[in-house]
**Q** 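I have a structure I would like to understand better, so I am pasting it below and will then ask my questions one at a time.
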Amino acid sequence: MEIGKTYNPSEAEAKWYPFWIKNNFFKSTPDHRQPYTIVMPPPNVTGVLHMGHMLNYTIQDVLIRRARMLGFNACWVPGTDHASIATETKVVALLKEKGINKTDLSREEFLKHAWGWKEKYGGIILEQLKKLGASCDWDRTRFTMDEDLSEAVIDTFIDLYNKGHIYRGVRMVNWDPQSLTAVSDEEVIYKEAQSKLVYVKYQIEGSDEFMTVATTRPETIMGDTAICINPTDERYSHLKGKQVIVPIVNRLVPIIFDEYVDKEFGTGTLKVTPAHDINDFNLGQKHKLQSIDVLTPEGKISEAAGAYIGLDRFACRKQIIKDLEELGLVSKIEDIKNKVGYSERTNAVIEPRLSMQWFLKMEDISKPALENVLNGEIKLIPEKFINTYKHWMENVHDWCISRQLSWGQRIPAWYDGQGNTVAAKTKEEAIVLLKSKNSELNTENVKQDEDVLDTWFSSWLWPITVFDPAVIRNGKANANEDLNYYYPTNDLVTAPEILFFWVARMAIAGYEWMQEKPFRNVYLTGIVRDKLGRKMSKSLGNSPEPLDLILKYGADGVRVGMLLCSPAGNDLMFDESYCEQGRNFANKIWNAFRLIKGFEVDLLKLNDNEIQQPNSSKTAITWFENKLSEQLEIINVHYNKHRMSDALMATYKLVWDDFCAWYLEAIKPDFVDGKSLPIDKTTFDATINFLESLLKIIHPWMPFITEEIWHLIKNREEKDCIIIAEWPTIKNNFDKKQLAEFEISKELITMVRNVRAQKLLSPKEKLDLIEKTSDNNSSNLNSTIIKLANLNSYSYSKNKIDGAYGFVIKNSEFYIPLTHNLNADDELKRLNKELDYYKGFLKSVLIKLSNEKFVSNAKSEVISAERKKESDTLNKINSIEEQINSLK
RNA sequence: GGGAGCUUAGCUCAGCUGGUUCAGAGCAUCUGCCUUACAAGCAGAGGGUCACUGGUUCGAACCCAGUAGUUCCCA
């Protein structure tokens with residue numbers, strides 16, 4: 001069989017993914033095994049795969065694949081969320097293109113369009129995930145607006161309402177004038193903006209005196225209902241009890257005094273517009289001020305303003321400055337930098353606005369979610385996020401859960417038109433409930449709330465309802481088999497950006513309805529940035545197209561590339577060269593396989609005892625057995641501590657350095673007369689075993705190439721696939737002493753190669769190596785050294801060898817006789833340099849040892865280590881001095 | 001304005017309880033190799049005032065304080 005010189009990823013990817021699906025390897029149903037569960041953070045249904053997803057889902061796939069190999073019943077649940085604002089914005093835009101206005105449609109008609117959009121375009125991202133190799137149980141795919149999941153959302157609202165956790169009230173909300181909905185605090189992005197601070201003069205009533213107020217929002221002047229001054233500000237103390245005239249509208253408003261005002265900012269006076277600023281709103285509440293809403297939901301000036309009616313808020317700002325200037329009421333205009341809030345979804349400038357909204361009281365309900373993170377029941381990885389989490393949870397605000405949209409679960413609150421409200425699933429149930437509150441109920445007046453619930457109010461149930469949507473109403477005691485088996489889930493992998501949006505709220509929901517955490521570990525990944533440290537985004541155009549990367553480097557290469565540079569919780573500076581490294585690694589594995597596959601195993605000769613297993617191979621096999629156990633132990637520890645990139649790097653080095661560079665070179669048959677000699681069967685079988693073990697260890701990172709090679713090694717049964725192969729086990733009590741001895745041999749071999757490089761000798765030229773020793777302590781490592789250092793002989797001598805290249809490793813002296821290229825002056829120089837180094841080192845050791853406080857305070861192991869350093873270094877210095885003398 | 005984190009080789013990062021031969025990887029760099037699995041490779045080498053200043057300690061990259069730069073979160 002001809003095997004290509006380079007690995008072809010796309011072929012393997014096209015072959016194995018459908019094969020895995022066909023064999024149901026991703027499927028999970030409850031059984032006797034222990035479960036290992038991950039619920040996928042549901043991507044936005046409008047989303048397309050970006051680098052952040054790639055990172056996230058690769059990590060999840062690595063975890064789930066390894067768990068599967070460890071014998072767990074691994075279940076990875078995929079799905080999408082309905083992303084109310086994002087989706088609605090998309091659908092509205094699409095309708096607009098067709099000349100349809102959302103306002104002309106009934107709720108039902110609009111939803112029909114939205115569902116149509118979802119069926120057609122939604123969930124592209126899940127298809128893209130398959131290209132990455134994601135081994136989710138696709139049969140379990142969920143959508144937050146699936147009928148049963150939606151019903152669960154309604155159940156939770158009713159439950160919380162009846163428990164008294166939900167209330168409705170007028171509050172200052174972040175209003176998005178573009179999507180015409182309130183958004184939560186977390187969905188507002190504050191950006192630095194260049195603004196104008198306008199100094200406006202307000203006349204004091206009954207005098208010619210003016211006071212100057214600085215504002216960045218002159219368009220809200222019509223909504224002013226007071227001017228506020230710090231009571232300690234002496235400049236204005238004479239104004240107590242006075243009123244001022246609001247320009248443009250000529251309304252009289254009082255001057256009030258409150259510590260809140262910053263004396264240093266602007267002129268130390270503040271115009272109070274309770275309807276349009278959260279702080280002013282609080283002031284207004286405190287001082288019982290009137291509140292005049294001068295803006296419409298669309299961000300235009302309202303009738304209530306009494307001027308500029310219908311003008312856009314930004315146009316009005318320009319116009320009013322001009323008008324005030326003409327009236328001579330502007331004393332100056334300053335350029336300042338301030339923070340302006342933008343909607344995360346529409347990028348419109350957020351307008352603080354008073355409106356009637358539904359809120360969830362967070363204080364009580366969030367307590368267990370805080371406690372159980374602090375006490376370690378839920379682990380955040382890395383731990384530094386516990387601080388952030390704690391801070392947020394201790395200062396948690398009530399959650400505004402209503403959204404003025406159609407796409408989402410409609411709030412199950414019903415009104416009787418006479419001030420009574422109930423929460424119920426259907427109108428019929430609502431009527432029954434309302435009747436008990438209002439005996440004269442006119443059923444015609446019973447109306448349901450028009451708003452829908454925040455999307456996070458769906459996804460906070462995700463780890464529960466993907467398994468059992470009915471549990472909220474049935475109660476935990478009646479949970480179905482799936483939920484009992486899979487809940488709580490094991491690992492949640494997500495971005496720190498949604499630690500509060502989502503992670504904290506899932507924890508809250510978990511304790512509220514399951515009295516149990518929703519996940520054991522939360523692994524927080526970083527943000528994918530470009531080389532310059534900028535967040536990757538479509539708008540900046542600095543993000544590579546993930547699927548193009550997969551085409552270019554292979555899914556395995558990209559997976560490795562992503563994880564090579566991804567420490568937990570830290571942002572990663574992504575660069576395509578990491579994918580290149582991943583691709584190169586795939587190729588390395590491929591070629592190791594090619595070499596092994598190309599070995600000729602001559603069974604006949606083995607039976608005739610003509611091919612003995614060389615000593616060097618025997619030694620190498622023992623060594624690699626030990627090495628594999630040693631490294632596997634390390635890799636397992638890395639996994640258990642969620643150190644993904646360390647686990648990957650350890651795997652990388654085990655394969656590339658230990659297996660390819662040392663083991664394979666050690667067992668590779670000699671090449672004679674342009675032909676490779678056959679390999680003995682014992683060595684060959686051991687090598688195949690090693691290869692299989694390594695492939696298993698590589699598999700979670702690189703599922704495709706490992707499955708491909710697994711099947712190229714030999715013909716296998718249909719179900720004999722690496723994806724469900726058993727994770728290798730560690731050999732008990734592997735020989736650490738042999739590993740250490742081999743390390744010394746490696747050092748020796750490197751030294752010989754180094755001599756070759758220094759003296760410009762061909763690697764083909766065989767050398768002789770003589771160890772100075774009094775006893776002939778030949779070990780079975782010698783044959784390996786002879787082979788890998790390309791020696792004629794490895795011999796022993798009681799005396800030093802004159803005129804040979806000499807060096808010291810540990811406490812042994814070695815000589816390589818060189819017929820030419822040996823210059824005594826050069827050698828002296830080299831040896832003297834080494835001598836200086838060791839003398840300096842000895843000095844530092846001696847200083848330590850002569851320090852009485854060190855000797856009396858340090859632990860005995862530390863002192864004996866220093867003593868050993870001393871004697872070892874003395875020996876070394878002796879050897880080097882001897883060599884120097886022999887050269888003189 | 002308040003809070004949290006980060007700063008170790010050119011780049012990206014390890015460094016876990018303060019203590020093994022004067023701080024480790026990977027990539028990149030340099031030198032020599034078209035050696036027969038792999039030039040997407042092989043062999044070898046160089047590269048560091050652990051941000052700065054002070055303190056604690058016999059001993060500090062690690063603990064403490066301050067300074068600077070930087071990132072994030074909250075207002």
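For clarity, every value in this text was computed on a predicted model and none was experimentally measured. A, B, ... follow the sequence lines: proteins, then strands. Residue 1 opens every chain. Heavy-atom basis, side chains included; hydrogens, waters and symmetry copies ignored.
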**Q** OP1 or OP2 of B/A37 sitting under 4.0 Å from any side-chain N/O of A/Lys668?
**A**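 It does, given that an N or O in the side chain of A/Lys668 lies less than 4.0 Å from OP1 or OP2 of B/A37.
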**Q** Is the backbone N or O of A/Thr750 less than 3.5 Å from a side-chain atom of A/Asn754, with the two atoms forming a donor-acceptor pair by type?
**A**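 Here the side-chain-to-backbone pair does not exist.
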**Q** Flag the pair A/Phe841 / A/Val845 as yes when at least one side-chain heavy-atom distance between them is below 4.5 Å, and no otherwise.
**A**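 Yes - at least one pair of side-chain heavy atoms lies under 4.5 Å apart.
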**Q** CD1 of A/Ile635 to OG1 of A/Thr651: how many Å apart, nearest 0.5 Å?
**A**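 Atom-to-atom, A/Ile635:CD1 and A/Thr651:OG1 are 3.5 Å apart.
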**Q** Expressed in angstrom and rounded to an integer, what is the separation of A/Arg756 atom CZ from B/U35 atom C1'?
**A**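 Distance, rounded to whole Å: 12 Å.
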**Q** Output all residues satisfying side chain to side chain contact (heavy atoms under 4.5 Å, CB included) with A/Val808, sequence neighbours left out; order by chain, then residue number.
**A**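 Scan of A/Val808 (side chain to side chain contact (heavy atoms under 4.5 Å, CB included), adjacent residues dropped) gives A/Glu813, A/Lys876, A/Ser879, A/Ile880, A/Gln883.
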**Q** Take the protein atom CE of A/Met649 and the nucleotide atom P of B/G24, then report the distance between them rounded to whole Å.
**A**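 In whole Å, B/G24 P and A/Met649 CE are 17 Å from each other.
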**Q** Among residues 739-746 of chain A, which contact RNA chain B at a heavy-atom distance under 4.0 Å?
**A**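 None - not one residue of the stretch has a heavy atom sitting under 4.0 Å from the strand.
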**Q** Taking for each residue the nucleotide of RNA chain B bearing the nearest heavy atom, is the 5' side occupied by A/Ala592 or by A/Glu866?
**A**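 Per heavy-atom nearest nucleotide, the more 5' residue is A/Glu866.
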**Q** With a 4.0 Å limit, can you tell me whether A/Asn387 has a side-chain N or O closer than that to the phosphate oxygens OP1/OP2 of B/G5?
**A**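 Indeed, a polar side-chain atom of A/Asn387 lies that close.
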**Q** Tell me, please, which residues at least two apart from A/Trp701 pass ring pair (Phe, Tyr, Trp, His ring centres under 6.0 Å).
**A**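 Applying ring pair (Phe, Tyr, Trp, His ring centres under 6.0 Å) to A/Trp701 gives A/Tyr639.
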**Q** Does A/Tyr838 have a side-chain nitrogen or oxygen under 4.0 Å from the phosphate oxygens OP1 or OP2 of B/C22?
**A**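 Checking A/Tyr838 against B/C22: no side-chain N or O falls below 4.0 Å of OP1 or OP2.
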**Q** Checking contacts here: which listed nucleotide (B/A37, B/C73, B/G5) is nearest the side-chain heavy atoms of A/Lys384?
**A**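 My answer, after comparing the listed nucleotides, is B/G5.
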**Q** Would a distance-only check, ignoring hydrogens and angles, find a side-chain to backbone donor-acceptor pair under 3.5 Å from A/Asn790 to A/Leu767?
**A**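 Absent.
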**Q** Side chains of A/Phe684 and A/Ile688: closer than 4.5 Å at any heavy-atom pair?
**A**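 A/Phe684 reaches A/Ile688 side chain to side chain.
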**Q** Looking only at atom P, what distance separates B/G26 and B/A45, rounded to whole Å?
**A**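 These two P atoms come out 13 Å apart once rounded.
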**Q** Would you say that A/Phe854 contacts A/Val862 through its side chain, given a criterion of any heavy-atom pair below 4.5 Å between the two side chains?
**A**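 A side-chain contact under 4.5 Å exists here.
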**Q** More 5' along RNA chain B: A/Thr388 or A/Arg643, using each one's nearest nucleotide?
**A**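 Its nearest nucleotide lies further toward 5', so the answer is A/Arg643.
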**Q** Which value, in whole Å, describes the distance between the C1' atoms of nucleotides B/A9 and B/C50?
**A**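 Those two atoms are separated by 11 Å.
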**Q** Is the shortest heavy-atom distance from the side chain of A/Tyr342 to the side chain of A/Val349 under 4.5 Å?
**A**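 SC-SC contact between A/Tyr342 and A/Val349 confirmed.
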**Q** Please tabulate, for side-chain N and O atoms in residues 654-669 of chain A, each donor-acceptor pair with protein atoms closer than 3.5 Å (sequence neighbours left out).
**A**
residue, atom, partner, partner atom, Å
A/Tyr663, OH, A/Thr687, OG1, 2.8
A/Glu665, OE1, A/Lys668, NZ, 3.4

**Q** When Watson-Crick pairs (N1 to N3 and N6-O4 or O6-N4) and G-U wobble pairs (N1-O2 and O6-N3) count only below 3.5 Å on both distances, what is the dot-bracket string of RNA chain B, with | for other-strand pairs?
**A** (((((((..((((.....[....)))).(((((.......))))).....(((((..]....)))))))))))).
**Q** Write down the distance separating the C1' atoms in B/G66 and B/C73, rounded off to the nearest Å.
**A**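 24 Å, rounded to whole Å.
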**Q** Has the side chain of A/Arg756 got a donor or acceptor atom that lies under 3.5 Å from a matching backbone atom of A/Ala789?
**A**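 Side chain of A/Arg756 to backbone of A/Ala789, a donor-acceptor pair under 3.5 Å: yes, one is there.
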**Q** Return the value, rounded to whole Å, for the distance between atom CG of A/Asn8 and atom P of B/C38.
**A**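 Distance, rounded to whole Å: 18 Å.
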**Q** How many angstroms lie between atom CD1 of A/Ile744 and atom CD1 of A/Ile749, to the nearest 0.5 angstrom?
**A**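 Output value for this atom pair is 12.0 Å.
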**Q** Rounded to the nearest angstrom, tell me the gap between atom CG in A/Asp872 and atom C1' in B/C22.
**A**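 That distance rounds to 15 Å.
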**Q** Output the single nucleotide from B/G5, B/A37, B/U71 whose closest atom is nearest the side chain of A/Arg529.
**A**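 Shortest atom-to-atom distance from the side chain points to B/U71.
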**Q** In whole Å, I'd like the distance from the CD atom of A/Glu383 to the P atom of B/G5.
**A**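 Between P of B/G5 and CD of A/Glu383: 12 Å.
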**Q** Whole Å only: how far is the CD atom of A/Gln581 from the P atom of B/C38?
**A**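 Roughly 21 Å, once rounded to whole Å.
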**Q** CD of A/Glu497 versus P of B/C74: gap in Å, rounded?
**A**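 After rounding, the reported distance stands at 11 Å.
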**Q** Rounded to whole angstrom, note down the P distance from B/U29 over to B/U36.
**A**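 Those two atoms are separated by 23 Å.
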**Q** Within this structure, what is the CD1-to-P distance between A/Ile634 and B/C16, rounded to whole angstrom?
**A**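 For the pair A/Ile634 CD1 and B/C16 P, the rounded distance is 15 Å.
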**Q** For nucleotides 39-49 of chain B, just jot down a letter per nucleotide in 5' to 3' order: B, S or -, based on protein non-hydrogen atoms under 4.0 Å.
**A** SBSSSSS----
**Q** Looking only at side-chain N and O atoms, does A/His397 come under 4.0 Å of OP1 or OP2 in B/C74?
**A**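 Checking A/His397 against B/C74: no side-chain N or O falls below 4.0 Å of OP1 or OP2.
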**Q** Sticking with atom P, work out how far B/U49 lies from B/U8, rounded to a whole angstrom.
**A**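 Nearest-Å result for B/U49 against B/U8 at atom P: 12 Å.
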**Q** Going by an N to O cut-off under 4.0 Å, is there a salt bridge joining A/Arg217 and A/Glu351?
**A**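 Salt bridge flag = yes for A/Glu351 with A/Arg217.
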